[in-house]
**Student:** 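For reference, the structure I am asking about is given below.
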Amino acid sequence: MVTLKNEKGEKWMQVNDENKKPAKKRLHGRPKKGIKRSEILMIRLTPTERLLIEDKSKKAGVKPSEWFRRAAKSAGIVPRFSTEESGWYRLLAGLANNLNQLTRLAHVEGLLSLSVKCRTMLTQVDELMLKMTKHDR
């Protein structure tokens, strides 16, 4: 390796002896990242939500954007209701409607005439509530 100097005697360039090409210089600055974040996701927050997120990210020692990335990777989202659960809620709403109609009829005809219908309705509601509470969420 030969060092070339300018007229003033200062180092100018290093050259390899074999093929007289300049030696490879070290690049300045930060090394390039392998994965580049090019996508943007914008969200709207209330001032309270923003303060909460900023506080949590500060406690974690990261920026809010990094906190969001980590939270998104580890979050487990449970669907609101499965199709089976939605059917149960519709059935419960229908039973509540029937119970209102029976109550109105009891005021007109008397409670004793509707006691059997009310008892079956209550057992259906109890069974449905047991299914809903035992179901694993």
Side-chain angles (χ1 to χ4, degrees):
M1 178 150 334
V2 176
T3 304
L4 300 177
K5 297 180 180 182
N6 62 8
E7 302 94 40
K8 297 177 184 176
E10 299 171 340
K11 284 186 182 178
W12 178 56
M13 180 176 20
Q14 290 183 342
V15 180
N16 292 332
D17 285 336
E18 300 99 31
N19 47 10
K20 303 291 185 204
K21 290 185 181 176
K24 194 172 192 180
K25 288 187 176 182
R26 196 182 81 186
L27 297 175
H28 298 290
R30 176 184 277 177
K32 295 194 177 190
K33 292 182 179 180
I35 298 172
K36 190 173 185 179
R37 290 191 170 99
S38 59
E39 298 297 317
I40 297 173
L41 175 66
M42 296 183 66
I43 61 167
R44 294 187 185 273
L45 302 170
T46 64
T48 307
E49 291 169 335
R50 183 182 177 118
L51 287 173
L52 178 69
I53 291 167
E54 287 175 348
D55 185 48
K56 286 185 177 186
S57 67
K58 187 182 283 186
K59 286 180 182 175
V62 294
K63 293 181 180 179
S65 56
E66 181 62 26
W67 185 87
F68 261 110
R69 283 187 213 104
R70 289 182 187 179
K73 289 176 185 175
S74 65
I77 305 298
V78 178
R80 197 163 174 178
F81 300 120
S82 67
T83 53
E84 185 180 17
E85 290 172 326
S86 296
W88 292 345
Y89 286 111
R90 277 193 300 278
L91 182 62
L92 187 61
L95 289 173
N97 187 25
N98 290 346
L99 187 60
N100 285 337
Q101 291 174 358
L102 287 174
T103 304
R104 196 166 139 215
L105 194 60
H107 285 293
V108 174
E109 294 182 11
L111 189 60
L112 290 175
S113 64
L114 299 174
S115 64
V116 175
K117 290 180 183 178
C118 288
R119 196 164 303 274
T120 58
M121 179 73 67
L122 288 174
T123 55
Q124 286 178 338
V125 169
D126 285 340
E127 289 172 4
L128 189 58
M129 293 303 287
L130 280 174
K131 281 183 185 178
M132 291 170 74
T133 55
K134 285 184 180 179
H135 192 261
D136 184 27
R137 284 204 62 114

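These values consider heavy atoms only, across backbone and side chains, with no hydrogens, waters or symmetry-generated copies.
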**Student:** Give the table of side-chain donor-acceptor pairs shorter than 3.5 Å for residues 68-75, with sequence neighbours excluded, one pair per line with atom names and distance.
**Tutor:**
residue : atom : partner : partner atom : Å
Arg69   : NH1  : Glu66   : OE1          : 2.7
Arg70   : NE   : Glu66   : OE2          : 3.2
Ser74   : OG   : Arg70   : O            : 3.2

**Student:** Can you see which heavy atom on Pro64 is nearest to which on Glu54, and at what distance?
**Tutor:** CG-CG, 4.3 Å

**Student:** Check the hydrophobic clustering (I, L, V, M, F, W, Y; side-chain heavy atoms under 4.5 Å; chains of links allowed) and say if Leu95 and Tyr89 are grouped together.
**Tutor:** yes

**Student:** Quick one, Asn98 with Gln101, criterion side-chain contact (heavy atoms from CB on, under 4.5 Å). Give me CA distance, side-chain angles, the key distance, then yes/no.
**Tutor:** CA-CA 5 Å; Asn98 290 346; Gln101 291 174 358; 4.0 Å; yes

**Student:** In chain order, what residues pass the side chain to side chain contact (heavy atoms under 4.5 Å, CB included) check against Leu52, with sequence neighbours excluded?
**Tutor:** Lys56

**Student:** Please report the closest heavy-atom contact between Ile53 and Trp67, naming both atoms and the distance.
**Tutor:** CG2-CE3, 3.9 Å

**Student:** Can you list, pair by pair, the side-chain donor-acceptor contacts under 3.5 Å of residues 39-49, counting residues two or more places apart and other chains?
**Tutor:**
residue : atom : partner : partner atom : Å
Thr46   : OG1  : Glu49   : N            : 3.1
Thr46   : OG1  : Glu49   : OE1          : 3.4
Glu49   : OE1  : Thr46   : N            : 2.9

